[in-house]
Structures are given as C-alpha cells and as structure tokens.
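Accompanying notes for the structure given below.
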Amino acid sequence: SIKGQYKKYFAYYDDVLRRKLLKEQEIVDSMESALNLGQFEIYLQPKYNIRYSRMDGAEALVRWNHPQWGQQSPAVFIPLFERNGFITRLDQYVWEKVCAVMCDWENRGMPPLPVSVNVSRADIYNVDLADILTGLLRKYALPAARLHLEITESAYTENPRQIIETVSNLRELGFVVEMDDFGSGYSSLHMLHKMPVDVLKLDMKFIQNDPVTPVNQEIMRFIINLADLMSLDVVAEGVETAEQLERLREIGCDCMQGYFFSKPLPVKEFELLMESADSAVQNAYAGTHSDD
Ligand code: C2E
Ligand code: MG
Ligand code: MG
Ligand code: MG
C-alpha cells in the first residue's frame, strides 16, 4: 500500500538522518582533543605557472588524522566547524603551522614560496583577525606578501560591507587576497569591480565542464579578459588533464592548480617536490605542447 511505502521511506530517512547526527555529535565531541593531540595536519598543494614552468605558490589544506576513523576530509568537518564556531580556532592553528613551515624554509635557505591559507567566512567577523595575522608574521619574521588569504566568493556576497572593511585593511597591511571558488556564487560584475581582491581562483566547475563546448571556452576567455582589465591575477583550480591545461593556456590563463600537477601533499613530501620543482613541472606537461 501507499501508506506502507511512505512508512518505509520515512524509516529509511530517519535512519540516515540519525546516523548523520550521531556522526556529527562524535565529531563535535572530539574536536577539542583532536586539536590538542595534534590530529590536524597541513597538506600543501602546488600552484604552477606554466608560462615560466615554475611553482608559484601553494595552498594549505587541512586534514584530520583520526586514530579510529582514519583521515577525514575537510568537506566533512569544515561546514560543521563553521556552524559551531570552532573554525576560527582551527584556522588560527593552520595559519600558525603554515607560518612556522615558511620560517623553517627561510632558515634552510629554501625559495621564498608564498603559501595561501583558507580564511573562513566566520573569521571575517573576528575583530582580532588583522592582529592575529600580523602577530604571526612578527613571530615568524615573515613579510605579509608571503601569506595569501583565500576567501570564498560566497563570503564576499554574504556581507559585502563587512568584507570591504576587513579585507581592505588586510590588503593595506600587505596581505595578498584571493577570491576562492570564483564563479560558483552570485557576485555581479558590478560588485566585483568594487571588491578588495588581488587574485580570482576560478572555480573548478569551469575547468571540469563536461562536455566542453565553444560557449564554455568563451565564458572562460571572457573571465580571463575581464580579470586582466581589472588588473587581477587568475588561478585555475581543479586542472586534472592535459586537455584542460591546453584549453587554459589557449585563453591566456597561466596559473594552475590541480591533480594534473600534484595532489595536496604532507609538508615533507611537498618539500621534495619543491627541491625538484623545475623538473616536476616540465615532466608534468612534457608532450602536451611543443616548446614556445
Ligand atoms: P578549496 O579551498 O576550494 O580547496 C580546493 C579543493 O579542491 C581541495 O579539497 C583540493 O584538495 C581539491 N582539489 C585540488 N585539485 C583538484 C583536482 O584536480 N580535482 C579535484 N576534484 N579536486 C581538487 P579539500 O582539501 O578536500 O578541501 C575542501 C575545502 O575545504 C576547501 O576548498 C576549503 O574550502 C575547505 N578547507 C580546507 N582546508 C581548510 C582550512 O584550513 N580552513 C578553512 N576555513 N577551510 C578549509
Ligand atoms: Mg582555497
Ligand atoms: Mg580554492
Ligand atoms: Mg576552491
């Protein structure tokens, strides 16, 4: 009967929902101790400039190494921590780890590679944000330009007035600000023009568009040209194939991040990649183009 079917349907969703809530409660119960026990680990993913065949920077992405559940993706726990406020503490932890790594690179005479950290929408409302970030630079003797801040497009549109105030101040202090997941939200071109930002990170939906149509390609070309007009740099995210790389090169987008080059790596592995960076990028796209 229909009634019986509904019953089964709701029983199923009840169960799914209950298990989801249980898991969320477990995550929330263990987040504090996870931070104290050092279970959060920084991974680094390179950004490459294909025009100069060199690594241009990296993005820091957090992982949770849980002793029972295994490694947890930020996609699982970040949205939860954004809702309960814990994200501001986790982000500060990540930023400090990243500064400590860059300071270590300085001491070892390694190249001064800038690293981007993600700044949650929740951090934007923290009145101490600028003090915390400049405090870290002072502690680890780093110039502000070494630390890039990624803020999602949706955080920009959520509260433009707050963003303009907070982010303008951060840029005046020397931080480089990148608008993350650009094109996935609802910012108008009119608004983009007025927003404090240095770099657009093209959302991977554009790059991974399947099937590729001439219209897709022209939309990307339009964004690249527009960014150029506004003196913004562009980084393409989610580049996985040589074909995608070629399409981006064709429209003049030189800066890329994605599995095609490398997945996010633990810091020690990333350092090995840094040491062989030139050969790595040359290998990565050897054969995809004849030298120009
Ligand atoms: P995001 O900042 O846009 O980071 C890019 C995501 O795309 C990362 O996922 C990265 O591993 C993934 N990715 C990179 N290249 C490719 C590719 O070629 N193909 C595909 N399919 N994916 C690729 P991840 O590490 O799972 O992080 C997910 C999101 O979680 C991030 O998106 C960011 O919004 C958030 N997040 C990660 N770490 C932090 C953090 O420390 N603080 C805050 N507030 N958010 C973070
Ligand atoms: Mg990001
Ligand atoms: Mg990103
Ligand atoms: Mg993104």
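These numbers come from a predicted model, not from an experiment. Residue numbers run from 1 in the order of the sequence given. Counting starts at 1 for both ligands and their atoms, following the listed order. Note: hydrogens, waters and symmetry copies are ignored here, and every other heavy atom, side chains too, is used.
- The closest approach between a heavy atom of Arg63 and any atom of ligand 1 is below 4.0 Å.
- Nearest N/O/S atom of Glu237 with respect to the Mg ion (ligand 4) is recorded as OE1.
- Heavy atoms of Gln257 stay at 4.0 angstrom or farther from ligand 1.
- Using a 4.0 Å cut-off to heavy atoms of Asp91, the atoms of ligand 1 that qualify are 40 (C), 41 (O), 42 (N), 43 (C), 44 (N).
- Comparing heavy-atom distances from atom 27 (O) of ligand 1 across Pro74, Pro79, Ala60 singles out Pro74 as nearest.
- Glu59 contributes OE2 as its N, O or S atom closest to the Mg ion (ligand 2).
- An N or O contact shorter than 3.5 Å is missing between Glu82 and ligand 1 by distance.
- Nearest to atom 7 (O) of ligand 1 by heavy-atom distance, out of Gln244, Lys263, Met204, is Met204.
- Here atom 41 (O) of ligand 1 lies nearest to Val62 when heavy atoms of Thr152, Val62, Ile151 are compared.
- Within the structure, ligand 1 has Pro264 among the residues with a heavy atom less than 4.0 angstrom away.
- Close contacts between ligand 1 and Glu240 involve ligand atoms 17 (C), 18 (O), 19 (N), 20 (C), 21 (N) [criterion: under 4.0 Å to a heavy atom].
- Heavy-atom contacts from other residues, nucleotides or ligands closer than 6.0 Å to OH of Tyr125 number more than 12.
- The aromatic rings of Tyr93 and Phe40 sit perpendicular to each other, their planes meeting at more than 60°, with 30° as the lower class boundary.
- Between the Mg ion (ligand 4) and Asp181 there is an N/O/S contact shorter than 2.8 Å.
- When you scan the N, O or S atoms of Asp180 for the one nearest the Mg ion (ligand 4), you land on OD1.
- A donor-acceptor distance shorter than 3.5 angstrom exists from the side chain of Asp123 to the backbone of Ser120, with no hydrogens or angles considered.
- Residue Asn118 counts as close to the Mg ion (ligand 2), with an N, O or S atom under 2.8 Å.
- Contact annotation: for Val117 versus ligand 1, there are no heavy atoms closer than 4.0 Å.
- Between Ile87 and ligand 1, no pair of N/O atoms sits closer than 3.5 Å.
- Counting heavy atoms closer than 4.0 Å to ligand 1, residue Ile78 contributes side-chain atoms (C-beta onward) but none from N, CA, C or O.
- At a cut-off of 2.8 Å, Glu150 does not coordinate the Mg ion (ligand 4) through any N, O or S atom.
- Close approach of ligand 1 to Val94 (heavy-atom distance below 4.0 Å) involves ligand atoms 41 (O).
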